[in-house]
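Single-structure report; data block below.
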Amino acid sequence: MTNVFIIGSKGIPAKYGGFETFVDKLTLYKKSQDIMYHVACLATNDKQFYYNKARCFNVNVKDIGSAKAVMYDLQALNKSIKFIESHNLNNPVILILACRIGPFLSFYTKKLKKLGISLYVNPDGHEWKRSKWIKPIRAYWKYSEKLMVKHADLQICDSKGIEEYIKTEYTNYNPKTTYVAYGAELAKSKLKENDAVIQDWLNKFTIQRKRYYLIVGRFVPENSYETMIREFMKTDVDKDLVIITNVEKNKFYDRLLAATNFTNDKRIKFVGTVYDDELLKKIREEAYAYIHGHSVGGTNPSLLEALSSTDVNLLLDVNFNKEVGKTGALYFNNVEGNLKSIINKAEKLEEKEIQTLSLTATNIIKKFYSWDKIVTDYEEIFLQDKEGLNY
């Protein structure tokens with residue numbers, strides 16, 4: 001039996017973002033009976049429970065501001081090591097999601113080796129590039145990333161671009177890496193066209209089926225909101241731009257409003273967040289096209305979901321988006337006028353061209369990004385002979 005301890009997500013059942021969904025699916029679709037998962041969960045108590053046949057252990061962390069996530073990972077790591085030691089587990093694996101605790105890993109390396117623990121890391125994307133962090137925190141993220149790479153036995157990257165970055169940026173550590181993508185559900189929404197849930201949502205915002213472009217993502221500058229809104233406003237498209245995001249009237253909102261005056265365009269519709277998975281999937285399916293402006297990170301879950309659900313996808317032309325979308329999407333850049341021209345091109349697509357794009361995108365998801373494939377790939381890594389790690 002291989003015991004795999006997963007720390008770094010907020011836990012399961014998933015209620016939050018990408019890492020939480022990943023852990024949920026990894027445990028839900030587990031195939032091998034030779035793997036036992038132990039999942040750290042952020043909580044206000046230290047209870048233990050089982051979910052998807054995984055042992056979930058709560059980690060109670062005091063609210064100490066931005067350092068809470070670091071303390072959470074460290075406490076989860078300590079709990080994992082203690083459990084491994086007390087239960088005399090052989091050749092266990094600890095998988096850490098994201099690179100928050102690099103500066104502290106040197107204190108654990110001897111203990112990990114003594115207990116025969118393999119340390120794997122999913123480095124996520126370029127967290128140190130995100131605009132939400134002030135400069136000192138960005139510097140910490142970069143430094144932490146370097147030390148996570150140094151001390152880990154294996155980096156499991158969900159983007160080929162991120163894997164190449166790890167190899168070239170930290171070549172002096174000769175890091176062992178492998179690529180396993182993020183996953184996406186292939187099934188269509190369970191909601192029918194006439195279901196009240198979708199109809200009420202459309203009516204609430206005066207939106208018509210196949211008469212809107214859709215954006216879904218966190219409300220942060222690196223997701224290209226200014227470019228997408230400004231360029232859409234330049235078009236004379238007789239459709240709405242529907243934006244599903246956690247919009248907050250903060251400094252970024254004020255800058256965006258000053259730069260675009262989007263409130264003067266009735267087509268621009270910020271509609272808040274949607275946490276109902278089936279409803280969100282149906283909203284994607286009913287969109288005419290999806291616009292994806294993420295400029296930082298690896299394989300983005302919202303991009304995979306769009307490619308599996310929306311007929312036409314317009315993606316920012318960066319390596320990790322092209323790596324996923326391939327020939328199943330149209331691409332734009334931040335040059336003034338470029339996205340406008342791509343939107344106008346999308347408007348002129350004939351039905352046969354739309355069907356080709358949609359089928360190509362769907363087949364990409366089926367072939368490379370199904371949860372069935374992702375779970376299989378991870379299980380092969382967890383079950384391999386650690387001595388023969390040949391990445």
Side-chain angles (χ1 to χ4, degrees), residues 1-62 68-101 104-105 108 112 115-124 148 152-158 180-185 277 301 371-372 374-384 386:
M1 177 69 68
T2 297
N3 289 271
V4 179
F5 294 75
I6 304 176
I7 69 178
S9 79
K10 292 183 176 68
I12 53 176
K15 298 178 183 177
Y16 302 94
F19 274 145
E20 290 70 38
T21 300
F22 159 70
V23 178
D24 208 320
K25 302 301 183 184
L26 187 66
T27 54
L28 175 64
Y29 297 132
K30 187 181 81 164
K31 300 176 181 182
S32 175
Q33 298 304 309
D34 294 325
I35 294 176
M36 178 65 191
Y37 288 112
H38 308 257
V39 181
C41 302
L42 182 63
T44 55
N45 59 65
D46 290 295
K47 293 180 180 178
Q48 176 179 299
F49 63 97
Y50 284 83
Y51 182 79
N52 290 344
K53 297 182 179 179
R55 184 184 74 90
C56 303
F57 58 99
N58 287 343
V59 182
N60 186 2
V61 185
K62 293 181 179 179
K68 181 178 180 179
V70 174
M71 289 303 301
Y72 169 54
D73 284 2
L74 289 173
Q75 287 183 217
L77 180 58
N78 283 322
K79 279 196 167 191
S80 299
I81 292 172
K82 286 180 180 178
F83 188 92
I84 291 167
E85 191 170 24
S86 63
H87 289 75
N88 197 28
L89 300 181
N90 293 319
N91 299 316
V93 173
I94 293 179
L95 172 62
I96 302 179
L97 307 175
C99 295
R100 285 181 285 261
I101 57 173
F104 305 93
L105 283 183
Y108 293 91
L112 295 173
L115 294 172
I117 299 171
S118 297
L119 181 64
Y120 298 167
V121 173
N122 182 321
D124 201 11
M148 295 287 280
D153 296 303
L154 179 66
Q155 305 285 325
I156 306 176
C157 307
D158 65 17
V180 182
Y182 192 84
E185 295 285 3
D277 288 342
W371 280 117
D372 181 74
I374 305 314
V375 169
T376 297
D377 290 348
Y378 264 95
E379 291 190 358
E380 286 180 358
I381 292 171
F382 294 145
L383 292 172
Q384 69 187 317
K386 305 302 186 301

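FYI, the numbering just counts along the sequence from 1.
Using a distance-only test at 3.5 Å, with no hydrogens or angles considered, a donor-acceptor pair links the side chain of Asn60 to the main chain of Thr44. No donor-acceptor pair under 3.5 Å is formed between the side chain of Asp153 and the backbone N or O of Tyr120. Side chain of Tyr72 to backbone of Ala40: a donor-acceptor contact under 3.5 angstrom is found. Side chain of Glu85 to main chain of Lys82: no donor-acceptor pair is present (N/O by atom type, distance under 3.5 Å, no hydrogens or angles). With Tyr51 contributing its side chain and Cys56 its backbone, the two residues share no donor-acceptor pair below 3.5 Å.
Residues Gly8 and Arg100 come closest through the heavy atom pair O-NH2, 2.6 Å. When all heavy atoms of Phe5 and Leu89 are compared, the pair lying nearest together is CZ-CD1, 3.8 Å. Of all heavy-atom pairs spanning Asp46 and Asn58, the tightest one is OD1-O, 3.6 Å. Leu154 and Ile381 get closest at one heavy-atom pair: CD2-CG2, 3.8 Å. For Val39 against Ala54, the heavy-atom pair with the smallest separation is CG2-CB, 4.3 Å. Residues Met148 and Ala98 approach most closely at CE-O, 3.4 Å, considering heavy atoms.
For residues 21-39, every residue pair satisfying the salt bridge (Lys or Arg N to Asp or Glu O under 4.0 Å) rule, not counting sequence neighbours, is listed here: Lys25-Glu185, Lys31-Asp372.
When ring centroids are compared, Tyr378 and Phe22 come within the 6.0 Å threshold.
Side-chain contact check for Asn122 versus Tyr182: every heavy-atom pair is 4.5 Å or farther apart. For the pair Leu77 and Asp73, the minimum side-chain heavy-atom distance is 4.5 Å or more. Side chains of Phe57 and Phe83 form no contact here, defined as non-hydrogen atoms less than 4.5 Å apart. For the pair Pro301/Thr21, no side-chain contact is recorded, criterion being any heavy-atom separation below 4.5 Å from C-beta on. Between Leu105 and Leu119 there is a side-chain heavy-atom pair separated by less than 4.5 Å. Side-chain contact between Ile84 and Asn3: absent, with no pair of heavy atoms (C-beta onward) separated by less than 4.5 Å. No side-chain heavy atom of Leu26 sits less than 4.5 Å from a side-chain heavy atom of Val4.
Note that CD1 of Ile7 is 11.0 Å distant from CD of Gln75, once rounded to the nearest 0.5 Å. In this structure, the separation between CG on Asn91 and CE on Met1 is 13.5 Å, given to the nearest 0.5 Å. Note that the CE atom of Met71 and the NZ atom of Lys62 stand 9.5 Å from one another [nearest 0.5 Å]. In this structure, CD1 in Ile6 is found 7.5 Å from CD1 in Ile12, a value given to the nearest 0.5 Å. Rounded to the nearest 0.5 Å, atoms OG1 (Thr2) and CE (Met36) are 12.5 Å apart.
Heavy-atom contacts from other residues, nucleotides or ligands closer than 6.0 Å to NZ of Lys47 number 12 or fewer.
The only option from Asn52, Leu95, Thr27 that meets the side chain to side chain contact (heavy atoms under 4.5 Å, CB included) definition with Tyr37 turns out to be Thr27.
For the salt bridge (charged side-chain N to carboxylate O under 4.0 Å, His left out) test, no residue two or more places apart in sequence or in another chain qualifies with Asp277.
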